[in-house]
Amino acid sequence: MEVNNGDGVGNFNLSRKVIDEEKSTVVIPETAHQISSDSWFQVGFVLTTGINSAYVLGYSGTIMVPLGWTPGVIGLIIATAISLYANSLVAKLHEFGGRRHIRYRDLAGFIYGRKAYSITWALQYVNLFMINTGYIILAGSALKAFYVLFRDDQVMKLPYFIAISGFVCALFGISIPHLSALRLWLGVSTVLSLIYIVVAFVLSVKDGIEAPSRDYNIPGTTTSKIFTTIGASANLVFAFNTGMLPEIQATIKQPVVSNMMKALYFQFTAGVLPMYAVTFIGYWAYGSSTSTYLLSSVNGPVWVKGLANISAFLQTVIALHIFASPMYEYLDTKFGIKGSPFAIRNLSFRIGVRGGYLTINTLVAALLPFLGDFMSLTGAISTFPLTFILANHMYLKAKHNKLTSLQKLWHWLNVCFFGLMSIAAAVSALRLIAVDSKTYSAKLLL
């Protein structure tokens, strides 16, 4: 087995410390954030917060409408299974080679070398940047949906609400120093998720019972159907994967592998049920006319819809912090931001750096507010490579001498298949963005 055993490829400029956890000595990179402080249950809620973020309100329109009933249902089930499998591969490599790999790029750098470290960091940065941009679009959509319930005067356009959302997300990001500090907020996030999921579910059921027969045919021409189907496949993997599993696993208490597996099992069993429910019921109620933001389709009391939209907005603010945390950790560690989070130096740093980062996200979100297209592109150019291609190949390389020929063939098939899917989905997503950009009109801004 060939792995890179160079001097800390994963953290070139950071010192390392050796600790003794449960009688096993492991090397851990220096970090400004907390390590091994959270229970598997808390980490499980971090993972399910990502799955059941307000993005779930778009899956009826971005997954089921392009795929239809049979491919959509089967696709979601298969995506659940392969995502659990791929994430478990990464989780099992967390302490590979006697080192604790607390960052995705650290693990790739340790196995492959310096170039892989840089490429993985670039892929992950793109992945998280696009997810964060999508969250700001989503938060803006929720705020606008709330606004039009009371005043549909077309004065306030979607980009204005995106700007407000970006500002609120920046305030939250400045106030919460690191991922482990979300403890109380994870409970708040769960309550907020339940509110908009239950409201969307109940009102969709009511509308579905009262509505005439729906059209479940896949819309579009033959050519557009091909591209939207490929794009929907990227949305399938986007729905279940964070692209930052080692960073989340870094916060879990020892034993890190078995505890992380418990968190993953929680995520892919109890955690996926609310997402399944709202996705399938939304499509059942509205068919091919389902919007990419389900709360825009439902009918019901204004105060109920208003509560659901505000809950979706607030939960999105919390969820975005999870996906921004690897960038925050990198910057805090690089510039030595330690100690009290409200020390003048530390607070000023977060205001300038985190505020600047989210300002860029907000500008991109306001310029290209195509949520479904962003989901497709994110899945294509980063989620596929990080979660499926890289995970399978890293496991294949790390465990090479311990795998049978059949197991090696299986991992190579995964690498090749998801490589082709990534290319096809990227082409499809770019085409969708180009088409939507040309038709960017008042309809999209309302």
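Along the sequence shown, residues are numbered consecutively beginning with 1. All heavy atoms count here, side chains included; hydrogens, waters and symmetry mates do not.
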Does Thr120 use its side chain to pair, donor to acceptor, with the backbone of Tyr117 at less than 3.5 Å? no

Begin from the C-alpha positions of Gln249 and Glu95 and carry the test side-chain hydrogen bond (donor to acceptor under 3.5 Å, both in side chains) through to its verdict. CA-CA 11 Å; Gln249 191 170 359; Glu95 290 184 326; over 6 Å; no

Heavy atoms only: give me the nearest Thr387-Asn87 pair and the separation to one decimal. CG2-ND2, 4.2 Å

Check whether Asn346 reaches the backbone of Lys338 with its side chain - one donor and one acceptor, N or O, closer than 3.5 Å. yes

Tell me the closest heavy-atom pair linking Trp121 and Pro326, and the distance in Å. CH2-O, 4.4 Å

Approximate separation, where rounding is to 0.5 Å, of Ile119 CD1 and Arg114 CZ: 13.0 Å

Is a side-chain N or O of Thr333 found less than 3.5 angstrom from the main chain of Tyr330, in a donor-acceptor match? no

Kindly indicate, with the supporting measurements, whether the criterion side chain to side chain contact (heavy atoms under 4.5 Å, CB included) is fulfilled by Tyr59 and Tyr283. CA-CA 9 Å; Tyr59 295 151; Tyr283 184 59; over 6 Å; no

Is there a donor-acceptor pair under 3.5 Å between the side chain of Gln315 and the backbone N or O of Ala312? no

Can the ring centroids of Tyr395 and His411 be said to lie less than 6.0 angstrom from one another? yes

Test side chain to side chain contact (heavy atoms under 4.5 Å, CB included) on Leu386 and Asn127; report intermediate values, then the result. CA-CA 9 Å; Leu386 282 174; Asn127 181 58; 4.0 Å; yes

Compute whether any side-chain donor of one residue and acceptor of the other, for Ser60 and Thr290, lie under 3.5 angstrom apart. no

Given Met275 and Tyr55, is the side chain to side chain contact (heavy atoms under 4.5 Å, CB included) satisfied, shown in steps? CA-CA 9 Å; Met275 187 268 280; Tyr55 270 118; over 6 Å; no

Would you call Leu294 and Tyr196 a side-chain contact if the rule is heavy atoms closer than 4.5 Å? no

Is NZ or CZ of Arg99 both nearer than 6.0 Å to the six-membered ring centre of Phe110 and within 45° of the ring axis? no

Apply side-chain hydrogen bond (donor to acceptor under 3.5 Å, both in side chains) to the pair Ser291 and Ser296, showing each step before the final yes or no. CA-CA 7 Å; Ser291 71; Ser296 296; 4.6 Å; no

Residues that Trp410 engages under side chain to side chain donor-acceptor pair (under 3.5 Å), provided they are two or more places apart: Tyr85

Are the side chain of Asn259 and the backbone N or O of Lys253 linked by a donor-acceptor pair below 3.5 Å? yes

State, with a plain yes or no, whether a side-chain heavy atom of Leu413 is found less than 4.5 Å away from one of Phe417. no

Evaluate Phe266 against Phe45 for ring pair (Phe, Tyr, Trp, His ring centres under 6.0 Å), listing each step before the verdict. CA-CA 8 Å; Phe266 179 80; Phe45 266 95; 5.5 Å; yes

Are Leu358 and Leu320 side-chain neighbours, meaning at least one heavy-atom pair lies under 4.5 Å? yes

Taken to the nearest 0.5 Å, the spacing of Ile248 CD1 from Ile102 CD1 works out to 13.5 Å

To the closest 0.5 Å, what do you measure between CG (Leu76) and CG (Leu67)? 8.0 Å

For Phe227, is there any backbone N or O sitting under 3.5 Å from a side-chain donor or acceptor partner on Ser428? yes

Given the rule in the side chain to side chain contact (heavy atoms under 4.5 Å, CB included) test, do Arg103 and Glu329 qualify, once you have shown the distances and angles that lead to the verdict? CA-CA 10 Å; Arg103 307 175 185 96; Glu329 188 274 335; 2.7 Å; yes

Could you walk me through whether Thr133 and Asn361 satisfy the side-chain hydrogen bond (donor to acceptor under 3.5 Å, both in side chains) test, starting with their C-alpha distance in whole Å, then the side-chain angles of each, then the deciding distance to 0.1 Å, before giving a yes or no? CA-CA 5 Å; Thr133 301; Asn361 280 126; 3.0 Å; yes

Looking at every non-hydrogen atom in both residues, tell me the closest pair between Ser83 and Phe240 and how far apart they are. OG-CB, 3.6 Å

Could you check whether any side-chain heavy atom of Thr279 comes within less than 4.5 Å of a side-chain heavy atom of Met64, counting everything from C-beta outward? yes

Step through the shown structure and confirm whether more than 12 heavy atoms of other residues, nucleotides or ligands are within 6.0 Å of CZ on Phe172. yes

Side chain proximity check, Tyr265 to Leu84, heavy atoms < 4.5 angstrom: yes

Value rounded to 0.5 Å, distance of CG in Leu57 from CD1 in Ile197: 7.5 Å

Look only at the side chain of Asn235 and the backbone of Thr62, and say whether a donor-acceptor pair between them is shorter than 3.5 Å. yes

Ring pair (Phe, Tyr, Trp, His ring centres under 6.0 Å) partner of His393, chosen from Trp412, Phe418, Phe388: Trp412

Of the non-hydrogen atoms in Thr48 and Gln267, which two are nearest, and what is the gap between them? CG2-CA, 3.7 Å

Quick check against the 3.5 Å criterion: does Thr190 have a side-chain atom that pairs as donor or acceptor with the backbone of Leu186? yes

Pairs meeting criterion salt bridge (charged side-chain N to carboxylate O under 4.0 Å, His left out) with involvement of residues 231-247, two or more places apart: none

For a quick check under 3.5 Å, do Asp38 and Ser180 share a side-chain donor-acceptor pair by atom type? yes

Between Ala308 and Val199, the two heavy atoms sitting closest are CB-CG1, 3.6 Å

Can you find a heavy atom in the side chain of Tyr104 that is under 4.5 Å from one in the side chain of Val90? yes

Test salt bridge (charged side-chain N to carboxylate O under 4.0 Å, His left out) on Arg100 and Asp106; report intermediate values, then the result. CA-CA 9 Å; Arg100 184 90 180 266; Asp106 290 355; over 6 Å; no

Taking the six-membered ring for Trp and the single ring otherwise, decide whether the centroids of His321 and Trp185 are under 6.0 Å apart. no

Smallest separation among heavy atoms of His101 and Phe96, with atom names: NE2-O, 2.9 Å

Does the side chain of His94 reach to within under 4.5 Å of the side chain of Ile252, using non-hydrogen atoms? no

Between Phe313 and Phe146, ring centroids under 6.0 Å: no

Rounded at 0.5 Å granularity, tell me how far CH2 in Trp284 sits from CD1 in Ile281. 6.0 Å

Quick one: NZ on Lys144 to CG on Asn309, what's the gap to the nearest 0.5 Å? 11.0 Å

Are side-chain heavy atoms of Arg354 and Tyr328 found at a separation under 4.5 Å? yes

